[in-house]
Structures are given as C-alpha cells and as structure tokens.
2 protein chains.
Amino acid sequence: MIRLSRKSDYGLVALKALRALQPGDAMSARELSLQLDLPTDMTPKVLAKLAQAGLIESLMGKTGGYRLARLAEDISVAEVVRVLDGEPGLAPCREGILECHRIETCDIKHPLDNLHREVMLVLSRMSIAQL
Amino acid sequence: MIRLSRKSDYGLVALKALRALQPGDAMSARELSLQLDLPTDMTPKVLAKLAQAGLIESLMGKTGGYRLARLAEDISVAEVVRVLDGEPGLAPCREGILECHRIETCDIKHPLDNLHREVMLVLSRMSIAQL
DNA sequence: CTAAACTCGGACCAGAACGGTCGCATATCG
DNA sequence: CGATATGCGACCGTTCTGGTCCGAGTTTAG
C-alpha cells in the first residue's frame, strides 16, 4: 500500500541533478543517465512521467533536454512519489479481499487510512531542495 | 524501499482481533481466517512470523491458538511491518545500482535515509491498541 | 533543404517478489 | 490412543516492476 519503488529513487536523484543547472539550461536524458549511473533507457521514461505531470519541462530538438518547471523548494517528495509510483491505495478495500461489510474490516480501514495519510504528510514536508 | 504489503495488513487486523480476547484465551488460525475473511492458509504463516518475533505466543495442541504476548499498547505498527515485510532497505546502495563512489549518489543517500527513518517513526508512534 | 540529435510513446521481455497452497512432523487435550 | 491444533518447509501461479527496443515527431545545425 505504501510503496516507494526504485523509480521514485531515480526521479529524486534526477530532479536533484536538474536543480544544479544554471537557469535556462537543460540536460538531456542521456547525460543524466551517464552522470547518475541510471539504467540507460529508464531515465527517459521516468523523466517523461515527471514532465507530463508538470514537475519538469521538456525541450525537443537537437539541443533539447529537461529542466525543472518549478522551484526545487516547491516540489515535494510526496508529489514525485505519487507521479512515479501512483497514488498508494489501501489493499483491504481495493480488491475486495477484505469485504467491507465486515465490521472488523471497516474498523481497521480508517486507522490504516490515517496511518497512510500521516506518512504522505511526512513526504510532503520534504522538498527536492532539502534532499 | 518502503513497502507495506498485504501481509502487514493481515497481521494488523489479526492482532487487532487477538486484542479483543479475554486474558488467557487463545484463538486458532482458522477462526481468525474465517472471522476476518483472510486467505485460508495465509493466516498461519503470518501468525507464525509474529510468534517467532515474540509479538504473540502460540499454544499447541487441541485447544491451542494464538494470543498476544504483550500489551497491545506496546506493539507498534512499525514492529509488525518490520517483522512481516522485512526491514525496508534503501534501493540505491543495496544492489550497487547506484554506485556509492559517485558523489551525487551519496549526496542523496543520507537524505533518503532520513526520509525513511522519519516514516518509520510515524509507524512507531502508532500501536495496535490505537488501531 | 538535409542531416543529426533529441524527446515522446508504445510494445515488449525477463526476473523477482508476493500471494496462496499442500503435506508432514510434532505437541497437547480428552 | 485418537483427534485436533500449530510448526515448518517445500512448492506453484500470477502479477508487477525494472529494463530494453524501436518508430514517429521536432527542432537545431550546416
């Protein structure tokens, strides 16, 4: 239910690298891959997701690349995770494995929900700039 | 890197159910499965892990079953997660994917480590009794 | 205008992890 | 002694993720 996969890691290190650029400059996916030792063709995928979510912007063409679309201070870890690993949902009520008509189940659902929300809050408080 | 799988859910609901027992009473794995709609033979596995970690104790024999080994107030969610899903490790330095001799990598490692620690802290603050 | 370098997007594959099951040994109570 | 419980280890099927490949559309350089 709460999952921070490797993709999120990649995204975070990439964003951190983009942050070090001069304003106006862009960095290509391949440069990022080489510099950060990320899997060759994984980087474009991760960056594409971040781009279409509006966290970074992509510049096409020969001198293209990626750069932050916002201030690093305004990009939270939670947002990156949500984009790359999806909104983490609770297992219990998602698949119907634990049926919700059971009292015990719904007794447990809300607390787990709170738990989850609290974790995301922690992630929300940390920005790329703080990494 | 942080992963709360379904097993953890199962463990948490089971512990919550065990908490409702009268002191001295025990509840069999099958009873728990039926009452909580958990997968038939998943429950013993989860309970076995919790037992060997000392969170609950098992009573063998005909009238056997499981019961809490400690007060519900003293069992944290973090502990349950750690037992059932293992100590969550950081991806970057675990598999050598991001080599640690790279400065960028080790710049990112510690902050991610802190992040992770903070999340576990949140889980530590919530006990079974509070669910 | 052509060529090169880049992003975009989808299709694709292998491997690991997870959820779930079975069976046998062992211990307890009646 | 027999019935019933856990303990534990071996065992699959499926899903998901990480990772790769390729074609299409775009922009700049020459």
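Treat the numbers as computed from the prediction; the structure is a model and nothing was measured. To find a chain, count down the sequence lines: A is the first, B the second, and so on, and within it residues start at 1.
Considering only the side chain of A:Gln52, C:dG9 comes nearest among D:dG18, C:dG20, C:dG9. Side-chain proximity of A:Pro39 to C:dT7, D:dT20, C:dG19: nearest is D:dT20. Of the candidates D:dT6, C:dA11, D:dT17, D:dT17 carries the atom nearest the A:Ser5 side chain, counting heavy atoms from C-beta on.
Put simply, CG on B:Leu18 and CG on B:Leu47 are 7.0 Å apart, with the number rounded to the nearest 0.5 Å. Note: B:Lys45 NZ to B:Leu38 CG = 15.0 Å, rounded to the nearest 0.5 Å.
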Below 3.5 Å between N/O atoms, which protein atoms pair up with nucleotides 22-28 of chain D? Just atom names and distances, please.
{"residue": "D:dT27", "atom": "O2", "partner": "A:Lys62", "partner atom": "N", "Å": "3.3"}

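Between the C1' atom of D:dT6 and the CZ atom of B:Arg30 lies a distance of 12 Å, rounded to the nearest Å. One can place NZ of B:Lys45 at 11 Å from P of C:dT21, the figure rounded to the nearest angstrom. Atom P of nucleotide C:dT7 and atom NZ of A:Lys49 are separated by 18 Å, given to the nearest angstrom. Distance B:Leu84 CG to C:dA17 C1': 15 Å, rounded to the nearest Å.
Contact between the side-chain N/O atoms of A:Arg6 and the OP1/OP2 oxygens of D:dG19 is found at a separation under 4.0 Å. For A:Tyr66, a side-chain nitrogen or oxygen approaches OP1 or OP2 of C:dC8 to under 4.0 Å. For A:Tyr10 and D:dG19, the shortest distance from a side-chain N or O to OP1 or OP2 is below 4.0 Å. Distances shorter than 4.0 Å separate none of the side-chain N or O atoms of A:Thr40 from OP1 or OP2 on D:dG19.
Annotation: B:Arg30, atom CZ; neighbour count of heavy atoms from other residues, nucleotides and ligands within 6.0 Å does not exceed 12.
Hydrophobic cluster membership is shared by A:Tyr10 and A:Leu21, with clusters built from Ile, Leu, Val, Met, Phe, Trp and Tyr side chains linked at under 4.5 angstrom.
Positionally, the nearest nucleotide of DNA chain D for B:Glu57 lies more toward the 5' end than for the other of B:Glu57 and A:Lys7.
You'll find the side chain of B:Arg6 stays beyond 4.5 Å of the side chain of B:Met42, heavy atoms only. The side-chain heavy atoms of A:Leu123 and A:Val80, taken from C-beta on, include no pair separated by under 4.5 Å. Side-chain contact between A:Leu55 and A:Ile128: absent, with no pair of heavy atoms (C-beta onward) separated by less than 4.5 Å.
Judged by distance alone, the side chain of A:Arg67 and the main-chain N or O of A:Gly24 form a donor-acceptor pair under 3.5 Å.
Taking every heavy atom of both residues into account, A:Ala69 and A:Gly54 meet most closely at CB-O, 3.5 Å.
Computed from C1' positions of five pairs at each end, the angle between the two local axes of the helix from C:dC1-D:dG30 to C:dG30-D:dC1 equals 10°, rounded to 10 degrees.
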